[in-house]
There are 2 protein chains.
Amino acid sequence: MLGEPIRDRRTERHERTKAEILEAAWQIARTEGLAGLTLRDVARKVGMRAPSVYSYFDSKNAIYDAMFAQGCQEFLRRGSRLVVTGDPQADLRVGSRMFIEFCTEDPVRYQLLFQRTIPGFEPSTGSYALAVQALETIRARLVEIGIDDPAALDMLTALTTGLADQQISNDPGGDRWLKLIDEAMEMFFAHWHNRIPRRS
Amino acid sequence: MLGEPIRDRRTERHERTKAEILEAAWQIARTEGLAGLTLRDVARKVGMRAPSVYSYFDSKNAIYDAMFAQGCQEFLRRGSRLVVTGDPQADLRVGSRMFIEFCTEDPVRYQLLFQRTIPGFEPSTGSYALAVQALETIRARLVEIGIDDPAALDMLTALTTGLADQQISNDPGGDRWLKLIDEAMEMFFAHWHNRIPRRS
DNA sequence: GTCTATATTTGGATAGAC
DNA sequence: GTCTATCCAAATATAGAC
C-alpha cells in the first residue's frame, strides 16, 4: 500500500551526475563567457574526460538547453513566492525588482534566457514552453495590479529589461540603474493605471 | 597656393579596399551572425584569399574594431542631422525614434555597439571615444529639451534600449515595440519635465 | 560509464615565393 | 599585394577497449 515508486539507485546517481555537470557548466560560463563554454572544461571540472559527458548529454546544445530550462524554472520559483498585497504600486515595485535583480545577479543566465546570442542554439519546445509560462506569470501579476492593456505589458518588459541591460552592460556590479527601479515604476504606474486602452 | 595635400593614389586605393572589406564583413555578419564572421568568408566575398586580408587589417579583432567605429560614426552622423524645434516633446520623440530605429534596423550593429557579446573583443581607445561622444550628444539633446537630471538620462537610455532590445529579440522585422515609442516618450516626459532632481 | 585514441572540422595566423 | 602552403590550436563528436 506504500505508494512510493520503486527507487532506481542507478537512475538517481545518473541524475545527480547530470546536475553536477550542469553546475560545472554554469560556473565555467560565468568565468569564460557563455560562448566560451567547452566540453573539455566542463568534463575536467567534474573529474571526467570530454567524451564521458556524452553519457549524460547528447550534445553541447543539450547542455545549453538544460541550462535554459533551469533558468526558467528558477524564475518561476521566485515568481511563485511573490505575494499580492493589494497595494498595486507596492506589488509592481516588488515584482519588477525581483525580475531585474534576477537578470543582473547572473549576466550569463540573462544572456542565455533573454538575448539569443549563442550561435546554433535555440531552446527545445519543452524549454521554450517554460519561458512562455514565465512571461505569463508576469502578465497575470500585472492584471492583478489592475493593468490589463497588452501594450502596458510590452512597455513593462521593455522598461525592466532595459534597466537590467544597462546595468549589466555599463555598470556591472554597481547599482547605477538598479537604484532607478522605484522611480521607473512610479513613472510607469502613473501612466498606465486606470487608463483606457487606446484603439491601436 | 592650392592648399590641397598631394594625393597618394596608392593610399587611396588601399583605403578603398579596406572599405570594401568592411562592407563585406557587415554583410556576412548580418547573415552568419556577428560571432560567425570568418576571415575566409570575408576574403572570398571581396575576391581574395584569407591571408591577403592581413595586408589591410592586423587581425580579426581589428575588423570588429573598425566596424564598431563605423557604427558610432553613423550614429553621430544621424544625430548631427536632427534639429531642435523648440517643442520639447516633439524633439524627444524624434530623437528617441531615430535612436531606436538605428538599433533595430541592423541588429548586428546593435549587438556590436551595445551588447558586449563577442568573445575577446573590446573596442580600442579611439573607437571607444566615439561611443562616449555619441552618448554625449544624447545627453546634450536631453538638456536642450529641458531635462538635465542625470538620472533622467539613465532612465531614457534604459527605456529606449529596452524597446529596441525587445523589438529585436521578440518581434524581428515587426513593429510591436516600435509602435510604443510615442507612448513611451509621453510617459517619460510627463515624469521628468520640470522635475527637481531628488537628493540621492 | 569511463577511458584512450582519433576522426573531422574549423579558423586564425605566418612564411615565403612571385 | 596576393598567392600557395602550412602551422597551430581548439573543439565537437565517434569508435571501441576495458
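Here is how names work: the chains are called A, B, and so on, in the same order as the sequence lines, proteins then strands, and each is numbered from 1. What you are looking at is a predicted structure, and each value in this text was computed from that prediction instead of being measured.
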Margin query: Students often get this wrong, so: under 4.0 angstrom with heavy atoms, is A:Ile63 touching a base, only sugar-phosphate, or nothing?
Written below: nothing

Note to self: Base, sugar-phosphate or nothing for A:Thr17? Non-hydrogen atoms, less than 4.0 Å.
What the structure shows: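 Nothing, no nucleic acid heavy atom in range.
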
Next item on the list: Using modelled atom types only, decide if a donor and an acceptor are shared between the side chain of A:Arg109 and the backbone of A:Phe102 within a distance under 3.5 Å.
Entry: yes

[X] has an atom [atom1]; how far is it from atom [atom2] of [N], in whole Å?
X        : N      : atom1 : atom2 : answer
B:Lys60  : D:dA10 : NZ    : P     : 16 Å
B:Phe121 : C:dG12 : CZ    : P     : 15 Å
A:Asp41  : D:dA11 : CG    : P     : 7 Å
A:Arg44  : C:dT4  : CZ    : P     : 13 Å
A:Phe57  : D:dA13 : CZ    : C1'   : 16 Å
A:Ile21  : C:dG1  : CD1   : C1'   : 11 Å
A:Leu39  : D:dT14 : CG    : P     : 11 Å
A:His14  : C:dG1  : NE2   : C1'   : 10 Å

Checklist line | Aromatic ring proximity B:Phe114/B:Phe99, centre distance under 6.0 Å | finding: yes

Check: Which distance, rounded to the nearest 0.5 Å, do you find between the CG of A:Leu159 and the CZ of B:Phe188?
Finding: 11.0 Å

Next item on the list: Measure the spacing between CD of A:Glu105 and CD of A:Gln167 and express it to the nearest 0.5 Å.
Entry: 12.5 Å

Checklist line | B:Tyr128, OH: over 12 other non-hydrogen atoms inside 6.0 angstrom | finding: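 No.
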
Checklist line | B:Arg77, CZ: over 12 other non-hydrogen atoms inside 6.0 angstrom | finding: yes

Notebook entry, point to check: For B:Tyr54 and D:dG1, is the shortest distance between a side-chain N/O and OP1 or OP2 below 4.0 Å?
Noted result: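 So the side-chain polar atoms of B:Tyr54 never come under 4.0 Å of the phosphate oxygens OP1 or OP2 of D:dG1.
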
Notebook entry, point to check: Of all the nucleotides listed (C:dA13, D:dT2, C:dG1), which has the minimum atom distance to the side chain of B:Ser55?
Noted result: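 In terms of side-chain proximity for B:Ser55, the closest of C:dA13, D:dT2, C:dG1 is D:dT2.
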
Between the protein and nucleotides 3-6 of chain D, which nitrogen or oxygen pairs come in under 3.5 angstrom?
from, atom 1, to, atom 2, distance (Å)
D:dC3, OP2, B:Arg49, N, 2.8
D:dC3, OP2, B:Ser52, OG, 2.6

Note to self: I'd like to know if A:Glu136 and A:Arg139 make a salt bridge, using a cut-off of under 4.0 Å between side-chain N and carboxylate O.
What the structure shows: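 Answer for the salt bridge query: yes.
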
